Chemist: 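Have a look at this one.
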There are 2 protein chains.
Amino acid sequence: MTVAASTRTDDIRAAALELFTRNGYTATTMADIGAAVGMRGPSLYKHVASKQDLLVQIMTGTMDALLAAHRAAVATTSDPVERLRRAVDAHVRYHARHRLEAFVGARELRSLAEPHREAVLRRRDEYERGFRGLVHDGAEAGRFRVQSVRLASYAILDLGMGIAAWYRADGELSENEVAWQYTEFALRLVGAG
Amino acid sequence: MTVAASTRTDDIRAAALELFTRNGYTATTMADIGAAVGMRGPSLYKHVASKQDLLVQIMTGTMDALLAAHRAAVATTSDPVERLRRAVDAHVRYHARHRLEAFVGARELRSLAEPHREAVLRRRDEYERGFRGLVHDGAEAGRFRVQSVRLASYAILDLGMGIAAWYRADGELSENEVAWQYTEFALRLVGAG
DNA sequence: CTCCCAGGCTAACAGTCATTAGCCCGCAGG
DNA sequence: CCTGCGGGCTAATGACTGTTAGCCTGGGAG
C-alpha cells in the first residue's frame, strides 16, 4: 500500500509554513520546526532533505496553484468584465484560503536559493502579465476606463497581497464577503462599476 | 561647532536601510553594512549602538513621519471626500518617496525587539484608525457608497503598501502620475468617483 | 523467536554572527 | 614637539545553527 503516504512529512511542512509565516525563514530553526511536530531538530532529516527544500516546496507549490486557479477562472468566459471579475475572485479567494502560503510566497523570495528563485519569479511575472492582459482587453473593448493599464493591474494584485496579511478564517468577515467586496472594488477601480 | 553632525552615522543608517530592504534584517550582517560604507564590521560600533538599534531608528522614525504626514493632510479641510483624497495622496507619496523605509517598516516588524515592536504597532493602529475614520465619515455623510468601512480602508491602505514594493523613482511612472492615479483609485473604490 | 529497519535521539562539526577588547595611527590643540 | 583621542583595525569570545554520524529501540515480517 502506497496510499495516504507520509502524514509525518506533511505535518512537518505545515509546521514549517506556520513558523516561516510568523517568524520568517531565517529566524525559524530546525529545532523550532521539530518541536512543533514533537521531535528534535536532527530527526527532521529522516523526512525532509533540508530547511531550504521545505521553503522550495512551499513556494513552488503555491505559485503553481495560483496560476492554475487563474487559468481556470479566465477560461470560463470571454466577456472582458466577467473575465476580470472571475480572475479577481480567484485571486482573492486564493489569498484568503491559503494566506500562509501567499504570505511566505511574497515575503521570502529573498530566502530562496538561486535555481528556484528564478523559476518562481518567472511564474509570478506570468501571473502578473495575465492580469495586465485582462485589464488591457477590457480597456480596449471600451468596458473599462483606465489611464494606465499597468498601474491598475498592480493595484488589483496588491489588494490580494494585502488580504493575506490580515484575513483570518475565524474573523468577523467571511471569505464570501471579502471576495464579493473585493471584486466590486476591483471593478470600480477600473471604472467598470 | 555642533552643526551638520554625524555624516558618518547617517551614511551607516542609509546603508543599513538599503541592505535591510534588499536582503532582510537577519540576512544582513554588520560586516555587510560596514563594507557598504567602507569600513569593517566592528568599527561600526564607534558610531551606532547595535544592529537592533539601527532597525529601531528606522522603524520608529518611519511611523512618526507617516503619522505626521497624515495629520497634516487631513487638517487642511473638513470636506469628507477632499479629506480622504488628501490622506491618500499623502499615503501614496510617502510610500513612493520613502519606499525603503516603508518596505522595511512593513516587513521587519517581527525582527523588532519587544519594547519597540509594541510601540510601532500602536502607532500603526492609530494610522489605520485614522483612515477608517475618514471612510466612515464620508459614508455617514452619504458621499461614499461602501458596504464595509473596514474592508474599504484595508484596501486603500494595502494599495500604498504595494507601491513601496514596485515603485522606482527612475521608473517610467512619475510620483505625480502614481499619486493622481491612486487617489482616483481610492475614490472610485469607496464609490465617490 | 529472531532480525531488520523506520524513525527517534545525542554528540559532534563546521560555519556564521554580533559584540567586546585592545591595539594603533594621524592629526588638532597646546 | 608632544599629547590626547577620534576612529579605524585585528583577534577573540560566546552563542547559535544547519547538518552529519552513529547509536538505540520497538514493532512488524518471516
Side-chain angles (χ1 to χ4, degrees), chain A residues 1-59 104 108-117, chain B residues 1-59 104 108-117:
Chain A
M1 294 244 265
T2 32
V3 195
S6 40
T7 304
R8 208 89 286 225
T9 303
D10 291 345
D11 286 352
I12 293 172
R13 259 205 284 260
L17 176 57
E18 166 96 24
L19 288 165
F20 289 168
T21 303
R22 186 165 47 230
N23 306 324
Y25 177 76
T26 38
T28 299
T29 77
M30 289 303 266
D32 291 339
I33 300 172
V37 296
M39 66 178 74
R40 302 303 171 89
S43 303
L44 293 171
Y45 289 82
K46 297 280 161 117
H47 304 280
V48 303
S50 69
K51 186 185 170 186
Q52 175 71 210
D53 184 59
L54 242 14
L55 184 62
V56 170
Q57 299 294 335
I58 290 172
M59 309 241 336
V104 171
E108 299 294 355
L109 243 185
R110 55 190 174 200
S111 304
L112 202 60
E114 228 354 311
H116 305 289
R117 172 150 79 184
Chain B
M1 293 243 264
T2 34
V3 194
S6 41
T7 304
R8 209 90 285 222
T9 304
D10 290 346
D11 287 352
I12 293 171
R13 264 213 273 265
L17 177 57
E18 166 95 24
L19 288 165
F20 289 168
T21 303
R22 187 165 45 230
N23 307 324
Y25 177 76
T26 39
T28 299
T29 77
M30 289 302 267
D32 291 339
I33 301 173
V37 296
M39 67 177 74
R40 301 302 170 88
S43 304
L44 293 171
Y45 289 83
K46 297 280 160 127
H47 303 281
V48 303
S50 69
K51 186 184 169 187
Q52 175 72 209
D53 183 60
L54 242 14
L55 183 62
V56 170
Q57 301 295 336
I58 290 171
M59 309 239 339
V104 170
E108 299 294 355
L109 244 185
R110 55 190 174 200
S111 304
L112 203 59
E114 228 353 311
H116 304 289
R117 171 150 80 185

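Chain naming here is simple, since letters A, B, ... match the order of the sequence lines and numbering starts at 1 in each. As the structure is a prediction and not an experimental result, all values here were calculated from the model.
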Chemist: To check you understand the geometry: which heavy-atom pair defines the closest contact between B:V37 and B:A15, and what is its length?
Modeler: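 Answer, listing the atom of B:V37 first, then B:A15: CG1-CB, 3.8 Å.
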Chemist: Calculate the interatomic distance between A:I12 atom CD1 and C:dG8 atom P; express it in whole Å.
Modeler: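 Distance check: A:I12 CD1 to C:dG8 P gives 8 Å.
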Chemist: Please check this pair: side chain of A:D32 against backbone of A:T29, looking for a donor-acceptor N/O pair closer than 3.5 Å.
Modeler: yes
Chemist: With nearest nucleotides of DNA chain D determined for A:Y25 and B:G41 from heavy-atom distances, which residue corresponds to the more 5′ nucleotide?
Modeler: B:G41
Chemist: Looking at B:R8, I'd like to know whether one of its side-chain N or O atoms comes within less than 4.0 Å of OP1 or OP2 on D:dG8.
Modeler: yes
Chemist: What is the nucleic acid contact for B:S43, judged by heavy atoms within less than 4.0 Å: base, sugar-phosphate only, or nothing?
Modeler: base
Chemist: Check whether any side-chain N or O of A:H47 sits under 4.0 Å from OP1 or OP2 of C:dA6, and answer yes or no.
Modeler: no
Chemist: Measure from CE on B:M30 to P on D:dC9 and round the result to the nearest Å.
Modeler: 13 Å
Chemist: More 5' along DNA chain C: B:Q52 or B:K46, using each one's nearest nucleotide?
Modeler: B:Q52
Chemist: Could you check how far CG of B:L44 sits from P of D:dG7, rounded to whole Å?
Modeler: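 After rounding, the gap between these two atoms is 13 Å.
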Chemist: Would you say A:R40 places a side-chain N or O within less than 4.0 Å of OP1 or OP2 belonging to C:dT10?
Modeler: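 The answer is yes; a side-chain N or O of A:R40 sits under 4.0 Å from OP1 or OP2.
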Chemist: Apply the side-chain contact (heavy atoms from CB on, under 4.5 Å) test between B:Y25 and each candidate in B:L19, B:L55, B:L54; give the one that qualifies.
Modeler: B:L55
Chemist: Describe the nucleic acid contact of B:T26 in one word from base, sugar-phosphate, nothing, applying a heavy-atom distance below 4.0 Å.
Modeler: nothing
Chemist: Taking the minimum atom-to-atom distance to the side chain of B:Y45, which one of C:dA18, C:dC9, D:dT19 wins?
Modeler: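 Selected nucleotide (nearest to the side chain): C:dA18.
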Chemist: With a 4.0 Å cut-off on heavy atoms, is A:K51 in touch with a base, just the backbone sugar-phosphate, or nothing at all?
Modeler: sugar-phosphate
Chemist: Counting distance only, does the side-chain N/O of B:R22 pair as donor-acceptor with the main-chain N or O of A:R110 below 3.5 Å?
Modeler: no
Chemist: Report the nucleotide, chosen from D:dA21, D:dG8, C:dA18, that has the shortest atom-to-atom distance to any side-chain atom of B:M39.
Modeler: D:dG8
